Amino acid sequence: MFNVTGILKRLVIGRAMRSEELGETLLPKRLALPIFASDPLSSVAYATQEILLVLTLGGLAYLHFTPWIAAAVVALMTVVVLSYRQVVHAYPSGGGSYEVASTNLGPSAGLVVAASLLVDYVMTVAVSVASGVDNVISAVPALVDHRVLMALIFVALLTAMNLRGVRESGQTFAAPTYLFIGGVLIMVGTGLLRYLLGDAPVAESAAYGIKPEPGDANLAGLALVMLVLRAFSSGCTALTGVEAISNGVPAFRKPKSHNAAATLAAMGIIAITMFVGVTTLAIVAKVHITDDACRLTGLTGDCSSYTQRTVIAQLAASVFGGENSVGFFFIQAATALVLILAANTAFNGFPLLASILAQHRYLPRQLHNRGDRLAFSNGILALAIVAGLLLWAYKADVTSLIHLYILGVFTSFTLSQTGMVRHWNRELRTEPDPATRRRHQVARIINATGAVITCLVLVIVLATKFTQGAWLAVLAAIVLFVMMRGIRRHYDAIAAELAVTDPRSEMKPPSRVVAIVLVSTIHKPTLRALAYARAFRPDHLEALTVAVDREQANALQRQWEDYEIPVPLKVLDSPYREITRSVLEYVRSIRRASPRDVVAVFIPEYVVGHWWEALLHNQSALWLKSRLLFTPGVMVTSVPWQLTSSAHADHPAARAPGSVRRGEPIKPDKSDDVGAHQ
């Protein structure tokens, strides 16, 4: 028989890789860029749109703030990129913001960062996929009713690709990312050239006016400031994913920190260039977009059924000659692909961070294990499930999801940059070389500037987005923080309880071993269990059965005597037909009579070959084992008897619940130690 599950697994994931092949999965810069930077690079597809959506709440009158808000976002991104280059050099072992905060600000600060980033990674998948689906719908409006299904399918495809390993997913995702970068730059260059030549592109929405929201028509003072700040906080979605490279330094080829820093710089330059270009082109083409199509003035037909195209779609149509042009479909296809693939940043960042947290005993240890392809498979699957549930709950709507976004990333920005300031202060106290001290002082200024600015942005994001849904992200981060503290307390308590204090005392043998073989009838499994128990030469051995039916119990006793089995058979009465309780009470009575005795219980079991056969056998044994395992001083041994259906050579792997793996510690690269503080 074919192992169908195994064949499907190999088709989806590929062949299993040996631990020694981990070096083959390390990434060159050309692959690391699309893997770790696809999120900030792709955010140019919606960051400008988010700014415009907020400003048009007051109508068209406030669009003149767009270039100033974009300039503030660019300045912020520059500071953050420079700050994280310092992190990459100072902490090349990975962990990024979490490691920086934990080392310099304490474990609690590190957990705040970790919880915030885990929430933000989930949101990255949800928002990126939902935004990608939006761009697919912009090109093919007939698919609007299948939004959620498409989003879930895309998450499943991303999961499958990432389970194949980091390098293989990078090779798959590199082309769409570079096509998107090239397409956007060509679109921006063409559009701005046309503008300089006097033939400025005009967006399809340029002729529409926008009615302001009630109460937002004539904003002034604090209300106007809040509108601008809210638009700025929405535009800061362009910074999501910037920290992923600092988390993923161990995935780079050597010299790891140098290559990671170079990739981070390239990402910053490309992202800023595209963001500035798209924003400038949106102003030139007079893109008018709103959160509700019924607020558009001059629109003919039913506004409730009108689907507004995204900003990037309107720009592509205006630059390349309409919605049926090759350029339009190229940009839409590339944008949809890269937005969906932007979730890949989270699919690499989340499992790696979860693995580090699991190694530090803040998350279940299973998240530290590598799968067949040396990827952190459990973390990938956990991320996919949570993100899929979020997309389903919010109907894959970007506008609803975006309010939950970016809060976590600015929390990690602020704490990590504050931690870096303390790091440089500590280094300066012990560094005698004047040239090195000057470098450290410059680095400290960069990180201090980053800490102040990102803290201000965090306050702005909280103030402008909290009541619109961001409170859910805050609540999720708090729940994660409390949960991780609880997991750590549990692991610490277990470690303390299991720690060896007096080896001689704890290896002292019991006074006696009382062996009990559970019997329901006389058959081959029973006789094997009796023989196995006798081989242990216990101080006392007996067989035990429960008389649920007195006639059957009498028949068993007669058969026992006929076979002349050299082990006494004890029969327990059970007037209420309870097997488990009767056995437990008898075992406990032995322990009460002689607490220093150990009771060894042998349970004969069938081993079957099909899942449906397992439902028909061994249920009593399963319940007995589960109860006996909680009884102090009792050892439980299963004695298996393999039935014919289990004897096929190709079955065991198919029936096994899965291979048990253990993750290796994530260690710093010694080759980077020399340059760690440069």
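We number each residue from 1, following the sequence as shown. Just so we're clear, the structure is a prediction, and the values are computed from it rather than from any experiment.
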- Query: Under 6.0 Å from the OH atom of Tyr195, do we count more than 12 heavy atoms belonging to anything else shown?
  - Reply: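 No, the 6.0 Å shell around OH holds no more than 12 heavy atoms from other groups.
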- Could you tell me whether Tyr121 and Phe347 have their ring centroids closer than 6.0 angstrom? no
- Item | pair Arg194-Val284: side-chain heavy atoms closer than 4.5 Å |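 Arg194 does not reach Val284 side chain to side chain.
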- Close side-chain approach of Ile312 to Gln332, heavy-atom, < 4.5 Å: yes
- Message: Which residue is it: Arg309, His288, Gln314? I am looking for the one with a side-chain hydrogen bond (donor to acceptor under 3.5 Å, both in side chains) to Glu204.
- Response: Arg309
Side-chain donor-acceptor distances from residues 180-193 under 3.5 Å, at least two apart:
| residue | atom | partner | partner atom | Å |
| --- | --- | --- | --- | --- |
| Thr190 | OG1 | Ile186 | O | 2.7 |

- Message: Using the rule given for side-chain contact (heavy atoms from CB on, under 4.5 Å), can you reason through Leu76 versus Thr454, listing the C-alpha separation, both sets of side-chain angles and the distance that settles it, and then say yes or no?
- Response: CA-CA 8 Å; Leu76 178 62; Thr454 53; 4.2 Å; yes
- Test Leu157 against every option in Ile153, Thr159, Val155 by the side-chain contact (heavy atoms from CB on, under 4.5 Å) rule and name the one that passes.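 Going through Ile153, Thr159, Val155 one by one, the side-chain contact (heavy atoms from CB on, under 4.5 Å) with Leu157 is satisfied by Ile153 alone.
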- Task: Begin from the C-alpha positions of Phe330 and Phe320 and carry the test ring-ring contact (aromatic ring centres under 6.0 Å, His included) through to its verdict.
- Result: CA-CA 10 Å; Phe330 174 82; Phe320 295 118; 8.3 Å; no
- Check salt bridge (Lys or Arg N to Asp or Glu O under 4.0 Å) between Asp145 and all other residues, then give those that pass, not counting sequence neighbours. none
- Cut-off 3.5 Å, side chains only: do Thr279 and Thr48 have a donor facing an acceptor?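 Side-chain D/A pair, Thr279 to Thr48: present.
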- Would you check, one step at a time, whether the test side-chain contact (heavy atoms from CB on, under 4.5 Å) holds for Ser97 with Val113? CA-CA 7 Å; Ser97 301; Val113 169; 3.5 Å; yes
- Message: Taking salt bridge (charged side-chain N to carboxylate O under 4.0 Å, His left out) as the cut-off, I'd like each qualifying pair that reaches into residues 383-394, sequence neighbours left out, listed once.
- Response: none
- Message: Is it the case that the side chain of Gln308 and the backbone of Thr290 share a donor-acceptor pair, with hydrogens and angles ignored and the cut-off at 3.5 Å?
- Response: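 Indeed, once roles are kept as given, a pair shorter than 3.5 Å links the two residues.
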